[in-house]
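Here the structure comes first, spelled out in structure tokens, and everything after it is commentary.
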Number of protein chains: 2
Amino acid sequence: MAAREVPNIVISRLPLYLRALEFMQREGKQVVASRELAERLGVSSAQIRKDLSYFGEFGKQGSGYQVDHLILELKRILKVDREWDMALVGVGDLGRALVHYEGFKGKGFCISLLFDNNPEKIGAKINDLEIMDSRLISELIPKWGIKIAIIAVPPQEAQGVADELVKAGVLAILNYAPITLKVPKHVKVQYIDPVVHLQRMTYYIGGNN
Amino acid sequence: MAAREVPNIVISRLPLYLRALEFMQREGKQVVASRELAERLGVSSAQIRKDLSYFGEFGKQGSGYQVDHLILELKRILKVDREWDMALVGVGDLGRALVHYEGFKGKGFCISLLFDNNPEKIGAKINDLEIMDSRLISELIPKWGIKIAIIAVPPQEAQGVADELVKAGVLAILNYAPITLKVPKHVKVQYIDPVVHLQRMTYYIGGNN
DNA sequence: TCGTTTTTGTTCATAATACCACAAACTCCT
DNA sequence: AGGAGTTTGTGGTATTATGAACAAAAACGA
């Protein structure tokens with residue numbers, strides 16, 4: 001496979017393949033064909049094969065893909081064959097739920113630093129993690145070498161927090177605040193806004209679509 | 001504009017336009033050009049104009065779009081010019097955070113029914129909402145005429161819950177469980193899995209991308 | 001009033017994406 | 001051993017999405 005730049009849309013699908021493969025692994029499946037994986041995910045098998053072919057030849061004709069091996073390869077490609085420390089900014093209801101969330105375990109991520117600007121929260125602990133003053137972002141993030149942050153603050157504070165994080169060296173932001181962030185283009189942002197997701201579905205309900 | 005089918009990718013952008021416009025509205029802005037909106041969102045102005053043109057001519061040459069009016073039109077198009085009752089299944093940490101979430105207010109959505117299968121939770125109240133037994137899904141959802149549900153249960157229960165919801169008449173599901181759901185094609189699903197979103201960014205960190 | 005500047009809606013060309021189809025490689029059964 | 005059945009990786013093609021460019025319309029200033 002030529003060393004072409006891999007399209008972002010391909011990268012965005014790999015985590016879905018990985019998630020499904022890990023699910024199958026827990027079910028005890030050892031080998032899987034692109035066809036079966038495709039059916040589970042509701043995509044075409046050709047797409048899966050083509051996406052994977054950007055990175056190498058992982059399958060075997062006649063049988064398919066070794067589940068364990070493909071999982072390892074995908075983790076390596078996505079760079080989640082390690083554990084990334086993350087900073088969480090904004091410890092409200094949502095922030096707290098994220099700290100307690102068990103789903104990060106074994107997936108390559110770990111919340112290691114908490115920030116909030118509410119004096120009543122600073123110093124308190126959640127899951128043995130102390131809540132730090134947001135003003136210490138520029139000091140603690142470089143010290144820990146943190147590259148990934150989660151923003152869970154009110155919308156009007158989000159851009160300011162993002163600016164601070166970027167200045168401190170963060171390269172990837174998972175943004176739960178309902179606002180589009182302005183960041184330098186070397187910084188990646190992913191958005192989670194339940195309202196946006198819901199509004200993407202209502203168009204199709206009821207009407208003549 | 002001809003009555004062509006509107007591509008899903010266009011629909012998926014409209015909530016972002018709406019969100020930015022409402023932000024500008026709160027700032028007191030009355031008129032906006034596609035150019036300015038585009039810059040805020042990091043997209044091209046041609047794209048915004050083209051997306052909007054699927055639904056009509058909302059702008060005026062020389063000045064731009066009336067913010068108030070465009071908001072109303074987008075809300076009408078997306079069918080959020082009303083309030084949708086939603087059912088939430090799974091009242092764990094995340095479910096609780098969603099019930100307390102203030103962001104649904106005024107955006108067209110309202111959580112009106114809670115379900116859980118944990119006997120210790122059933123009957124308890126959160127925000128004046130009683131937690132109902134999940135076995136009552138098939139009874140209460142049609143009774144309330146609910147069309148939208150949020151799934152916040154552990155992954156191994158998610159597919160079963162989805163099946164129940166679909167049977168009860170739900171047409172749109174916001175799925176927080178880390179699993180791809182199998183649903184009939186008249187049912188829309190949107191996925192929120194922080195791990196997937198994070199894994200879409202790590203590929204670009206550090207390496208030679 | 002009239003020329004200059006803005007901005008829309010749309011056309012058209014280009015780019016990105018998805019998918020069909022098939023040779024080659026492997027499996028499995030008899 | 002060998003033929004039938006599977007499944008991969010990929011070349012080619014159809015489809016879809018993006019973006020540049022421009023006429024028409026409105027705004028503005030002198």
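Since the structure is predicted, the reported quantities are computational estimates derived from the model, not experimental observations. Throughout, protein chains are lettered first and strands after them, A, B, ... in sequence-line order, and every chain is numbered starting at 1.
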In whole angstroms, how far is the [atom2] atom of [N] from the [atom1] atom of [X]?
| X | N | atom1 | atom2 | result |
| --- | --- | --- | --- | --- |
| A:Tyr65 | D:dT7 | OH | P | 12 Å |
| B:Gln66 | D:dA26 | CD | C1' | 14 Å |
| B:Leu52 | C:dT10 | CG | P | 11 Å |
| B:Tyr17 | C:dT8 | OH | P | 13 Å |
| B:Ile48 | C:dT8 | CD1 | C1' | 13 Å |
| A:Leu70 | D:dT8 | CG | C1' | 13 Å |
| A:Ile11 | C:dT17 | CD1 | P | 12 Å |

Within the 4.5 Å heavy-atom criterion, are A:His197 and A:Met201 side-chain neighbours or not?
no
Is there a side-chain contact between B:His186 and A:Tyr204 (heavy atoms, below 4.5 Å)?
no
Report yes or no: do [X] and [Y] form a side-chain donor-acceptor pair below 3.5 Å?
| X | Y | answer |
| --- | --- | --- |
| A:Asp51 | A:Gln47 | no |
| A:Arg40 | B:Thr180 | no |
| B:Asp68 | B:Gln25 | yes |

Using a cut-off of 4.0 Å between protein heavy atoms and nucleotide atoms, how would you tag nucleotides 18-30 of chain C 5' to 3' with B, S and -?
SB-B--BBBS---
In degrees rounded to 10°, what angle is found between the helical axes fit to the five outermost pairs at each end of the helix from C:dT1-D:dA30 to C:dT30-D:dA1?
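So the angle between the two local helix axes works out to 20°.
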A quick test of your reading: do over 12 heavy atoms of other residues, nucleotides or ligands sit less than 6.0 Å from CD of A:Gln30?
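12 or below, so no.
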State whether the number of non-hydrogen atoms from other residues, nucleotides or ligands found under 6.0 Å of B:Arg135 atom CZ is greater than 12.
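Atom CZ in B:Arg135 is not packed in, count stays at 12 or less.
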Those residues that, when tested against B:Arg200, pass salt bridge (charged side-chain N to carboxylate O under 4.0 Å, His left out) (two or more places apart)
none
Can you list the residues that meet the side-chain contact (heavy atoms from CB on, under 4.5 Å) rule with A:Arg49, with sequence neighbours excluded?
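Here the qualifying residues are A:Ser34, A:Ser45, A:Ala46, A:Tyr65.
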Which residues satisfy the side-chain contact (heavy atoms from CB on, under 4.5 Å) test with A:Glu102, sequence neighbours excluded?
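side-chain contact (heavy atoms from CB on, under 4.5 Å) list for A:Glu102, sorted by chain: A:Lys105.
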Within the pair B:Tyr54 and C:dT10, is there a side-chain N or O less than 4.0 Å away from OP1 or OP2?
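No.
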Identify, between B:Gly64 and A:Asn8, the residue whose nearest nucleotide on DNA chain C lies closer to the 5' end.
B:Gly64
When you check the gap from the basic side-chain N to the acidic O, do A:Glu39 and B:Lys182 get nearer than 4.0 Å?
no
Which of residues 30-41 of chain A have a heavy atom under 4.0 Å from DNA chain D?
A:Ala33, A:Ser34
